[in-house]
There are 2 protein chains.
Amino acid sequence: MHICMDWKSITFDWNRARAFLVTAEEGSLAAAARSMGMTQPTLGRQVAALESEIGFDLFTRRGRGLELTPNGIKLLEHVRLMGDAANQFSLSASGKSDVIEGDVSITASELLSTFMLPPMIKALRELEPGIEIEIYSTNEQRDLNRREADIAIRSVRPTQPELIAKRLCSVRGHLYAAKSYLQQLGYPPSIAELNKANFIDTEKPGRLMTLLNSQGFSLTRQNFPVISNSHIVQWELVKQGMAITATVEEIGDNEPLVERVVISNLPLITIDLWIVTHNELRTNPRIRRVFDFMVSEFAGD
Amino acid sequence: MHICMDWKSITFDWNRARAFLVTAEEGSLAAAARSMGMTQPTLGRQVAALESEIGFDLFTRRGRGLELTPNGIKLLEHVRLMGDAANQFSLSASGKSDVIEGDVSITASELLSTFMLPPMIKALRELEPGIEIEIYSTNEQRDLNRREADIAIRSVRPTQPELIAKRLCSVRGHLYAAKSYLQQLGYPPSIAELNKANFIDTEKPGRLMTLLNSQGFSLTRQNFPVISNSHIVQWELVKQGMAITATVEEIGDNEPLVERVVISNLPLITIDLWIVTHNELRTNPRIRRVFDFMVSEFAGD
DNA sequence: TCCAATCCATACAAATATGCATACCTGAAG
DNA sequence: CTTCAGGTATGCATATTTGTATGGATTGGA
């Protein structure tokens with residue numbers, strides 16, 4: 001501790017540094033403004049004020065967006081560190097609040113978000129009306145460290161040590177097809193008939209092809225005439241008898257238009273579901289409440 | 001890089017975190033306000049707003065000052081990291097400015113500040129009227145990492161790798177006393193007579209006593225009846241014939257009221273002077289200008 | 001016990017920052 | 001060449017923040 005501590009270097013406007021950080025990361029003032037819930041002129045003036053304060057430009061103004069100057073690139077490293085610390089501050093702070101009201105955001109795959117979460121959230125809201133839930137439905141893995149969500153439900157156990165994960169349950173997956181499509185193929189279809197069928201995955205040489213071929217199929221890219229990044233779209237296509245796909249029992253068995261394509265006594269695949277949250281959120285009562293509730297709901301399956 | 005980056009945890013008001021940091025470090029809103037050049041109500045409201053935002057108290061209000069809550073202590077770690085990053089940002093930023101106008105702050109010991117810097121600064125200002133100089137006269141070592149000064153002149157080489165140091169010159173130190181006092185002791189005084197004289201240092205069992213005893217003196221605490229933390233005060237006492245002290249030739253030889261107390265042909269002590277600045281400031285043109293000027297001035301001695 | 005010093009909270013005026021509407025610029029596509 | 005989409009800069013009314021002045025509270029010492 002200093003006798004007379006001097007704060008010359010940190011008495012600049014930290015919000016201007018924040019504006020610089022987000023603008024640099026987002027690539028334009030307008031995009032930064034959108035993602036922060038502010039307006040473009042505000043951010044523009046904050047960045048301009050910072051540039052004026054430090055005496056040189058951080059961006060070169062171009063018709064389309066901004067471009068970092070070499071100096072801006074150097075300084076960006078430092079505001080990134082500020083941002084990381086701010087992030088940790090925010091995470092830690094919300095873990096120490098003892099109110100059980102407020103937002104909790106959950107991210108899960110499209111299928112989980114669409115078919116499994118809604119009834120659970122409904123039950124939770126009846127128990128805890130003070131907790132508001134935000135569902136990020138996405139097949140991308142969101143970054144809990146950046147607090148893009150408070151809770152994630154994933155099919156892989158995260159490796160980062162700052163995240164805590166709990167295994168929810170195992171779900172069994174099978175091949176499903178519309179009844180109409182099965183009758184078209186031959187009922188029940190033989191492996192030879194299935195090898196001529198259409199399948200759906202997110203990519204052409206996808207994981208489903210590899211999996212099925214390891215189970216005795218001999219599929220090629222020709223068997224995947226339609227792909228979609230959205231599992232919901234995939235499922236709609238399956239329901240309409242356009243193709244076959246793999247999905248979990250909880251979804252496939254509850255859809256009267258489709259039925260299992262049985263190729264063996266065993267499930268095609270078994271997936272472990274994990275619920276994940278940030279270490280710092282462990283002590284946040286409302287996130288804890290949602291976390292524990294989700295664990296108990298899935299355990300009931 | 002994320003597809004859709006989310007800034008939920010970063011969009012809080014960073015200036016409130018800054019207010020929290022400085023208030024916690026300084027111990028009170030009033031002290032924090034003083035050291036930041038703001039007012040106490042402003043900081044009080046910023047801290048209160050932050051507490052309201054995160055939902056719990058950071059400080060317990062007490063009659064005299066504030067006291068961190070346990071939660072506040074935890075969160076302080078994170079805002080400290082923000083502050084460190086802000087500090088680095090600021091240092092790096094001023095290193096990249098290419099204007100040669102503005103403030104440069106120099107810290108040096110009281111004696112150097114008083115007797116050696118003024119003529120040098122005068123010469124510098126004539127060459128570079130755009131550069132304004134701020135002299136921190138203190139015997140404490142200021143923290144260049146926190147930018148309590150841009151340039152320091154010290155008698156020890158700093159060890160931190162992020163600082164750059166250059167040896168200015170060696171200065172020779174001798175014992176000096178007022179002529180009147182020497183006549184009182186006996187002229188020239190013998191070692192036995194000097195052993196009964198009064199000396200001045202900053203502490204009672206100080207370094208000067210150790211040094212002189214290693215050179216044949218036999219002094220005790222009784223020989224240091226007056227101490228002062230200020231070398232200026234010490235020097236005034238010496239000039240008025242109250243005691244003997246050690247100082248450098250440049251000061252002692254230029255003062256007609258005093259003369260050297262010669263105890264050997266060699267100087268009593270030889271001190272290396274170093275000029276130090278922060279790595280990041282190496283490329284700041286105006287600080288560079290002052291740095292180089294000081295080097296050349298001292299080399300002329 | 002009283003006083004002085006120090007600090008925090010609040011009312012109100014002034015200064016500052018923000019948002020909205022809009023003009024302007026640039027690059028890509030028809 | 002024109003249009004259009006996406007972005008940046010600016011004027012102006014409004015909101016918010018800040019500083020000043022002041023009152024209230026607590027501590028430490030005469």
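Order of the sequence lines sets the chain letters (A, B, ...), proteins ahead of strands, with each chain counted from 1. Just so it is clear, the values below take in all heavy atoms, side chains as well, and ignore hydrogens, waters and symmetry mates.
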- Message: Expressed as a whole number of angstroms, how long is the span from Phe59(A):CZ to dA9(D):P?
- Response: 11 Å

- Message: Tell me whether Arg207(B) at atom CZ has more than 12 heavy atoms from other residues, nucleotides or ligands lying less than 6.0 Å away.
- Response: no

- Task: For the side chain of Met38(B), starting at C-beta, report the closest nucleotide among dG19(D), dT18(C), dT10(C).
- Result: dG19(D)

- Message: Just N and O in the side chain of Thr39(B): are any of them under 4.0 Å from OP1 or OP2 of dT18(D)?
- Response: no

- Whole angstrom value for the distance that separates P of dT18(D) from CZ of Arg16(B): 9 Å

- Query: Are any of Gln40(A)'s side-chain N or O atoms less than 4.0 Å away from OP1 or OP2 of dG19(C)?
  - Reply: no

- Item | Between P of dT17(D) and CG of Asn15(B), the distance in whole Å | 11 Å

- Query: Taking atom C1' of dA9(D) as reference, at what distance in whole Å does atom CD of Glu51(A) sit?
  - Reply: 13 Å

- Between CG of Leu43(A) and P of dT8(D) the distance, given in whole Å, is 10 Å

- Message: Closest approach to the side chain of Leu29(A), judged atom by atom: which nucleotide of dA21(D), dG7(D), dA9(D) is it?
- Response: dA9(D)

- Note on the structure: Atom CG of Asp57(A) and atom C1' of dA9(D) are separated, to the nearest Å, by 14 Å

- Message: Among dT8(D), dG19(C), dT10(C), which nucleotide has an atom closest to any side-chain atom of Ala30(A)?
- Response: dT8(D)

- Note on the structure: In this structure, CZ of Phe291(B) is separated from CD1 of Ile106(B) (nearest 0.5 Å) by 11.0 Å

- Message: In this structure, how many angstroms lie between the C1' atom of dT16(C) and the CG atom of Asp13(B), rounded?
- Response: 14 Å

- Parallel, tilted or perpendicular, as decided by the 30° and 60° cut-offs, for the rings of Phe224(B) and Phe199(B): tilted

- Taking CG from Leu66(A) and P from dA9(D), how many angstroms apart are they, rounded to a whole number? 7 Å

- Task: Determine: side-chain N/O of Arg45(B) to OP1/OP2 of dT10(C), distance under 4.0 Å, yes or no.
- Result: no

- Parallel, tilted or perpendicular: which describes the rings of Phe89(B) and Phe20(A), with under 30° parallel and over 60° perpendicular? tilted

- Query: Arg34(A) side chain N/O closer than 4.0 Å to the phosphate oxygens (OP1, OP2) of dG7(D)?
  - Reply: yes

- Query: Looking at CG of Leu111(B) and CD of Gln234(B), how far apart are the two atoms once the value is rounded to the nearest 0.5 Å?
  - Reply: 7.5 Å

